[in-house]
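Reading through the structure tokens given below for one structure.
What's counted below: heavy atoms across the whole structure, side chains too, no hydrogens, waters or symmetry copies. Note on naming: letters A, B, ... go to the chains in the order of the sequence lines (proteins, then strands), and numbering restarts at 1 for each one. Given the structure is predicted, the values throughout are model-derived calculations rather than measurements.
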2 protein chains.
Amino acid sequence: MTYCYEYPRPAVTVDVVAFTVQQKRLQVLLVKRRKPPFAGAWALPGGFVGIDEPLEAAASRELAEETGVKEAYLEQLYTYGDPQRDPRGRVISVAYFALLPADAPVRASGGDDAARAQWLPADHLPPLAFDHADILAYAIRRLRYKLEYSAVGFQLLPATFTLSELQQVYEVILGEKLDKRNFRRRILRAGIIEPTPHHRGGGGRPARLYRYKADAVAEVKARRLFP
Amino acid sequence: MTYCYEYPRPAVTVDVVAFTVQQKRLQVLLVKRRKPPFAGAWALPGGFVGIDEPLEAAASRELAEETGVKEAYLEQLYTYGDPQRDPRGRVISVAYFALLPADAPVRASGGDDAARAQWLPADHLPPLAFDHADILAYAIRRLRYKLEYSAVGFQLLPATFTLSELQQVYEVILGEKLDKRNFRRRILRAGIIEPTPHHRGGGGRPARLYRYKADAVAEVKARRLFP
DNA sequence: CCAAAAGTGTTTGCTCTACACCCATGG
DNA sequence: CCATGGGTGTAGAGCAAACACTTTTGG
């Protein structure tokens, strides 16, 4: 292994854009920076990639450090490498996006190290450090887009859920009302979720619970669901 | 600027998957490695990212070094960071994909440094060095996919072209015959190309020449063209 | 029995697909 | 006049969009 001769090397980090849906809003996980640069500003959780650490493992680790959540849908987003993006020097950042179930055991603003991590609503964001506003904007675009043709929506829900809950996730993210009957027909025809025998009572008639088929996660058809 | 203390840093490279269409086949630009590891094997063109060089600039430079082509459609593909992907040590590679017009002034297998760069048909590839076979497979998938919903096809053609030429590009890449009338209707309705007043004679009736609208390149609608 | 949320079909318009013949030029 | 590739329209099928009432439970 040869390090640090021949050429100077950039630092490599991962940044994670973690989404969840709470209180009928799309929420993003942000941390408050304590050190300069941008001390006091909000930023995406992230950090350096270990020299023997796979990129996705680094993203997963950063996410776990801030939330305590070990398992989540995680996908590489884009790599940001503008030489000026970090005033301290050349830092190349591989951005990931993560979807957390609404019931994930998140300890944001809980433990010692994670005290600074918080969910903030995506439609009402403060200014962000570095180029994180760009990264976040792109992540939201990609999330909307993915929702339209694949069917990652249920990654934001518990293991079982009602169709109304699923529809609400779609409405929150796409920012528009959807027709109940058309939504159900399409989501069922897509064949990625299946009914369970259970129901959940609430303010009215109990709703059937659904779960996603395990095999469907793999073969996420590249078919458009919501034009 | 602080380099090389605190943590060891990975090396960062770019690799470029450059496509063109020649002889009714999709061709990929590859170079023959002269040094170990994988000496003698084919590989994607690529190299280290300069410490003050933007990522896309590095990709563009590598492409120009191998082909002499300065301007081409270039898009970030994915970042490969498996710790074992390079036997020499930790190397993170940001992969790009490039589309070159059929008439680009490519000097592959021409000049001194570029003597080793060659176009090889994508459907008949030799084993590749590192994880380049994975990268290439993904690039082809992405190319097909992009062709279906956006309309990058004309990036593989000269500034003006006939509809038959454009259709042939689509057929070569998608690997299936398309209906002439349906193809024309859709590609014209998409509004990204426009007729010129000129025609080109050939073996039969002269064909109208088209060009892509300059403004259309920006607003590549995310609308599916070929389901 | 009333409030609250779940569940369920049909009609209409549009888009995609399949398909076959005439046209303009060069040799 | 013949060979070569360029250019054009329509009918049928499948999909998406709009739309309102009945059902089940808890209080």
Practice prompt. Mind calculating the distance between CZ (B/R189) and P (D/dG9) to the nearest angstrom?
Written response: 15 Å

Worksheet item: Does C/dC16 have OP1 or OP2 sitting under 4.0 Å from an N or O in the side chain of B/R185?
Response: no

Discussion item. Does the plane of the ring in B/Y170 sit parallel, tilted or perpendicular to the ring in B/F183? Use 30° and 60° as the thresholds.
Written reply: perpendicular

Fill in: Validation row: B/V16, B/L29 side chains within 4.5 angstrom (heavy atoms)
no

Discussion item. Please report the distance, rounded to the nearest Å, between CZ in A/F183 and C1' in D/dA18.
Written reply: 17 Å

Discussion item. Ring-plane angle category for A/F19 and A/F97, please: parallel below 30°, perpendicular beyond 60°, tilted otherwise.
Written reply: perpendicular

Practice prompt. For C/dG9, take OP1 and OP2 only and decide whether either is under 4.0 Å from a side-chain N or O of A/R184.
Written response: no

Using distance only, find each side-chain donor-acceptor pair of residues 124-139 of chain A under 3.5 Å and give its atom names and separation, not counting sequence neighbours.
from: A/D131; atom 1: OD1; to: A/R85; atom 2: NE; distance (Å): 3.4
from: A/D131; atom 1: OD1; to: A/R85; atom 2: NH2; distance (Å): 3.0
from: A/D131; atom 1: OD2; to: A/R85; atom 2: NE; distance (Å): 2.8
from: A/H132; atom 1: ND1; to: A/L44; atom 2: N; distance (Å): 3.0
from: A/Y138; atom 1: OH; to: A/R142; atom 2: NH1; distance (Å): 3.2

Item to complete: May I ask you to verify if any side-chain N or O of B/S164 is less than 4.0 angstrom from the OP1 or OP2 atom of D/dG6?
Response: yes

Worksheet item: Any donor and acceptor pair, going by atom type alone, linking the side chain of B/E171 with main-chain N or O of B/L178 inside 3.5 Å?
Response: yes

Worksheet item: How close or far is atom C1' of D/dA18 from atom NZ of A/K177, stated in whole angstroms?
Response: 16 Å

Discussion item. Using a heavy-atom cut-off of 4.0 Å across all strands, would you classify B/T162 as base, sugar-phosphate, or nothing?
Written reply: nothing

Fill in: Under 4.0 Å protein heavy-atom contact, by nucleotide of nucleotides 20-27 of chain D - B base, S sugar-phosphate only
B--BBS--

Practice prompt. Could you check how far CG of A/L163 sits from P of C/dG7, rounded to whole Å?
Written response: 6 Å

Item to complete: Please state how far atom NE2 in B/H199 lies from atom C1' in D/dG7, giving the value in whole angstrom units.
Response: 11 Å

Discussion item. Which nucleotide wins on minimum distance to the side chain of B/D179, given the candidates C/dC16, C/dC19, D/dA18?
Written reply: C/dC19

Fill in: d(CZ, A/R186; C1', D/dA18) in whole Å
12 Å

Practice prompt. Kindly state each residue pair satisfying salt bridge (charged side-chain N to carboxylate O under 4.0 Å, His left out) with at least one member in residues 156-166 of chain A, sequence neighbours excluded.
Written response: A/E165-A/R200

